[in-house]
Amino acid sequence: AEMALHLTLAAATVGMLGVQAGGSGWSPETRTIKEMVAVAEARASGYYPARGSQTTPDRLTDVSPQVFARYARDGVPVIVSDTTRDWPMQGWTCDTIRHNFSTAKMRREYDGSSDGVTNTQSIGDPGWGSSKVSNQEPPHVEGPKFAPFYWDVKDDAPGNDNDELKNRFRELLTLPYFLPKGQPNWDSALMSPELWFSAPGAGAKAHADEHCESTMTVQLSGTKRWRLGPMPAISRQNFSQANSLADGVLTRKTPPWQPVYEFDLHPGEALFFPSCFIHESTNIGDDCAASITYQWMAPAASTYWRTHMVQTANTREMQECWDRWSPVATFIPVEAAEKMRGQPTERILKVIGKKVDGDGDGRITLDEIRAFVRGRFWRGLRVVEQVYGQANDAPGGGNPVDEMREYLAEAMFDFHDTDRDGSVTVDEASRVTAEWIAVAQDSEPVREFIDRWKEMEEGGVLECDLHDSIPTWAHSPKGMPTMAAERPGCESAVKTYRTMLGEYGLVGPFEHEEL
């Protein structure tokens with residue numbers, strides 16, 4: 001199932017198609033790549049409240065699936081106060097979990113004593129719920145001061161290989177009453193659970209995850225203060241100045257990160273937010289706080305991804321996710337993308353006019369998209385059929401292949417309904433697709449740079465890991481003395497990083513001369 005979910009959306013990116021923006025394009029006008037990227041980038045401006053506004057997300061109770069879907073598709077954070085109603089784990093505390101999963105193991109984050117992977121702390125041991133250990137942050141940095149515990153139920157990390165325990169925990173998972181109960185959501189939930197346990201003053205540092213699906217975090221016990229906000233306005237032009245979104249980096253920079261939202265989350269409540277949203281949490285209560293976090297697929301954050309296509313294309317943490325969204329944005333599945341490599345943009349736009357708009361009336365209905373993803377042209381879902389077969393194994397009932405097709409059709413429709421009138425014209429779809437292709441081409445140097453740097457990191461050719469250090473020291477020569485003092489031995493890696501920025505044209509003339 002995991003392979004199916006990943007491969008269904010994982011097509012070769014349109015940026016790798018080698019498409020060209022020349023030609024007739026769509027009617028009534030044709031824009032250059034630069035113009036289309038500017039339009040796409042401007043769309044995200046003002047989408048969220050201003051940074052530092054300390055806005056509280058809407059709090060909903062007894063929410064309908066239709067109302068929640070609008071928040072989810074727009075990528076607007078929302079709190080649902082009665083999420084845990086009828087949950088088996090409703091009211092569970094740190095001690096409840098300690099008694100029920102006493103032989104499981106977890107690890108303490110940020111304390112500097114572990115490798116960040118191996119689970120060594122037995123959940124059954126007493127006392128850890130009130131244990132306070134520094135999270136290694138300087139006193140002046142805003143945010144949590146103590147290190148939380150983390151049980152990665154989703155992973156097979158060292159010390160966390162007890163499948164019987166993890167399966168027993170997964171049996172307790174319940175999807176919120178307002179989310180679709182089909183296979184896409186069940187698979188996402190069952191593959192992604194994490195438990196966080198925080199003593200008073202402890203919590204997760206500000207960071208953004210690489211999850212491609214939207215996230216929910218459910219407060220089982222205790223009260224946490226949350227700070228969160230959208231990803232920075234990263235583009236190809238300012239990529240060399242972009243900060244890493246790794247834990248704690250943004251709050252240590254000058255000036256420090258300022259959230260858009262700040263609020264408290266209470267027992268039984270859940271917070272929902274989209275991919276690549278920066279978030280931080282601190283236990284402000286007097287007892288251990290327990291929470292569970294996992295992802296869901298449907299409703300997909302289609303409007304959010306369309307609005308933020310430039311930022312996601314140029315953000316290191318979102319590269320894999322951008323690839324997965326390309327078929328939604330372009331209607332082009334894996335095999336067809338490979339065959340169309342090197343073709344002009346207008347060829348792709350003809351797919352929309354001839355194959356998606358089934359009756360040729362200039363308007364694309366949801367039923368036409370449903371028929372399109374069931375047709376011979378869309379071959380990506382054959383992978384799903386090979387994995388699932390025709391088995392009716394979705395916990396909520398129904399055929400998982402059909403459910404996946406429905407998920408994709410709804411995501412495509414919402415992605416291209418730019419005026420949100422419940423109807424998609426061929427012109428609307430063509431414009432959005434052309435913008436996505438233009439952004440893919442414009443961001444190609446960034447994406448190639450990121451892929452090459454990751455290969456170097458994973459290949460062990462660098463003498464130190466710079467993932468959370470590059471923003472501080474790689475921008476200009478002035479950062480080198482600081483880097484040499486705080487991270488001795490990393491000079492060569494930083495010089496390599498900065499030289500590569502020049503090779504890919506990702507620095508300005510002055511910076512390039514300094515290299």
Inset, instruction - Flag the pair Asp451 and Arg447 as a salt bridge only when some basic side-chain nitrogen lies within less than 4.0 angstrom of an acidic carboxylate oxygen. - result: no
Inset, instruction - Would you confirm whether Trp296, through its side chain, and Ser214, through its main-chain N or O, come within 3.5 Å as a donor-acceptor pair? - result: no
Inset, instruction - Look at the side chain of Glu368 and the backbone N and O of Thr365, then say whether any donor-acceptor pair between them is shorter than 3.5 Å. - result: yes
Legend entry - Worked verdict on Tyr261 versus Phe273 for ring-ring contact (aromatic ring centres under 6.0 Å, His included): CA-CA 11 Å; Tyr261 302 92; Phe273 57 91; over 10 Å; no
Inset, instruction - State whether Glu457 and Arg316 are salt-bridged, where the test is any N-O pair (Lys NZ or Arg NE/NH1/NH2 against Asp/Glu carboxylate O) under 4.0 Å. - result: yes
Inset, instruction - Would you check if the side chain of Asn238 reaches a backbone N or O of Ala233 as a donor-acceptor pair within less than 3.5 Å? - result: yes
Inset, instruction - Determine yes or no for a side-chain-to-main-chain donor-acceptor pair under 3.5 angstrom, with Asn185 supplying the side chain and Ala298 the backbone. - result: yes
Inset, instruction - Please assess Arg431 against Thr418 for the test side-chain contact (heavy atoms from CB on, under 4.5 Å), listing each intermediate value before the final yes or no. - result: CA-CA 10 Å; Arg431 287 176 182 271; Thr418 58; over 6 Å; no
Inset, instruction - Of all the heavy-atom pairs spanning Glu320 and Cys212, show the shortest one and how long it is. - result: C-SG, 4.3 Å
Legend entry - Asp82 and Tyr177: CA distance, side-chain angles, deciding distance, side-chain hydrogen bond (donor to acceptor under 3.5 Å, both in side chains) verdict: CA-CA 9 Å; Asp82 59 349; Tyr177 63 89; 2.8 Å; yes
Inset, instruction - Determine whether more than 12 heavy atoms belonging to other residues, nucleotides or ligands lie under 6.0 Å from atom NZ of Lys454. - result: yes
Inset, instruction - Compute the ring centroids of Phe239 and Tyr504, then answer whether they are less than 6.0 Å apart. - result: no
Inset, instruction - Would you mind reporting whether Pro176 and Val80 have side-chain heavy atoms less than 4.5 Å apart? - result: no
Inset, instruction - Indicate yes or no: at least one non-hydrogen side-chain atom of Asp442 is less than 4.5 angstrom from one of Lys34. - result: no
Inset, instruction - Classify the angle between the aromatic ring planes of Trp196 and Tyr150 as parallel (below 30°), tilted (30 to 60°) or perpendicular (above 60°). - result: tilted
Legend entry - Ring-ring centroid check Tyr497 Trp453, cutoff 6.0 Å: yes
Inset, instruction - Report yes if some heavy atom in the side chain of Met106 is under 4.5 Å from a heavy atom in the side chain of Phe101; otherwise report no. - result: no
Legend entry - Approximate separation, where rounding is to 0.5 Å, of Leu245 CG and His207 NE2: 10.0 Å
Inset, instruction - State, yes or no, whether a side-chain contact exists between Phe263 and Leu271 at a heavy-atom distance under 4.5 Å. - result: yes
Inset, instruction - Using modelled atom types only, decide if a donor and an acceptor are shared between the side chain of Thr217 and the backbone of Ala270 within a distance under 3.5 Å. - result: no
Inset, instruction - Let me know which of Arg70, Arg306, Arg420 forms a salt bridge (Lys or Arg N to Asp or Glu O under 4.0 Å) with Asp414. - result: Arg70
Legend entry - Aromatic centroids of Phe272 and Phe178 separated by under 6.0 Å: yes
Legend entry - Residue pair Met318 / Ile450, side-chain heavy-atom distance below 4.5 Å: no
Legend entry - Atom pair CD/OG of Glu410 and Ser302 - distance to nearest 0.5 Å: 9.0 Å
Inset, instruction - Using distance alone, with no hydrogens and no angle criterion, decide if Thr312 and Trp322 have a side-chain donor and acceptor under 3.5 Å apart. - result: yes
Inset, instruction - Would you kindly say whether the two SG atoms, from Cys321 and from Cys276, are closer than 2.5 Å? - result: no
Legend entry - Test item: Val78 and Phe68 side chains (from C-beta on) under 4.5 Å apart, heavy atoms: yes
Legend entry - Ser275 side-chain N/O to His211 backbone N/O, donor-acceptor pair under 3.5 Å: yes
Legend entry - Minimum side-chain heavy-atom gap Val446-Ile234 below 4.5 Å: no
Inset, instruction - Answer yes or no: is there a donor N or O on one side and an acceptor on the other, between the side chain of Glu435 and the main chain of Ala40, under 3.5 Å? - result: no
Inset, instruction - Kindly indicate whether the side chain of Lys224, heavy atoms from C-beta on, has any atom under 4.5 Å from the side chain of Ser291. - result: yes
Inset, instruction - Could you go through the ring-ring contact (aromatic ring centres under 6.0 Å, His included) check for His308 and Tyr48 one step at a time? - result: CA-CA 11 Å; His308 295 84; Tyr48 293 104; 5.7 Å; yes
Legend entry - Ser188 (side chain) donor-acceptor with Gln295 (main chain) under 3.5 angstrom: no
Legend entry - Salt bridge Glu41-Arg236, side-chain N to carboxylate O under 4.0 Å: no
Legend entry - Main-chain N/O of Gly422 paired with Asp417 side-chain donor or acceptor, under 3.5 Å: yes
Legend entry - Whether Asp357 side chain and Asp361 backbone form a donor-acceptor pair below 3.5 Å: yes
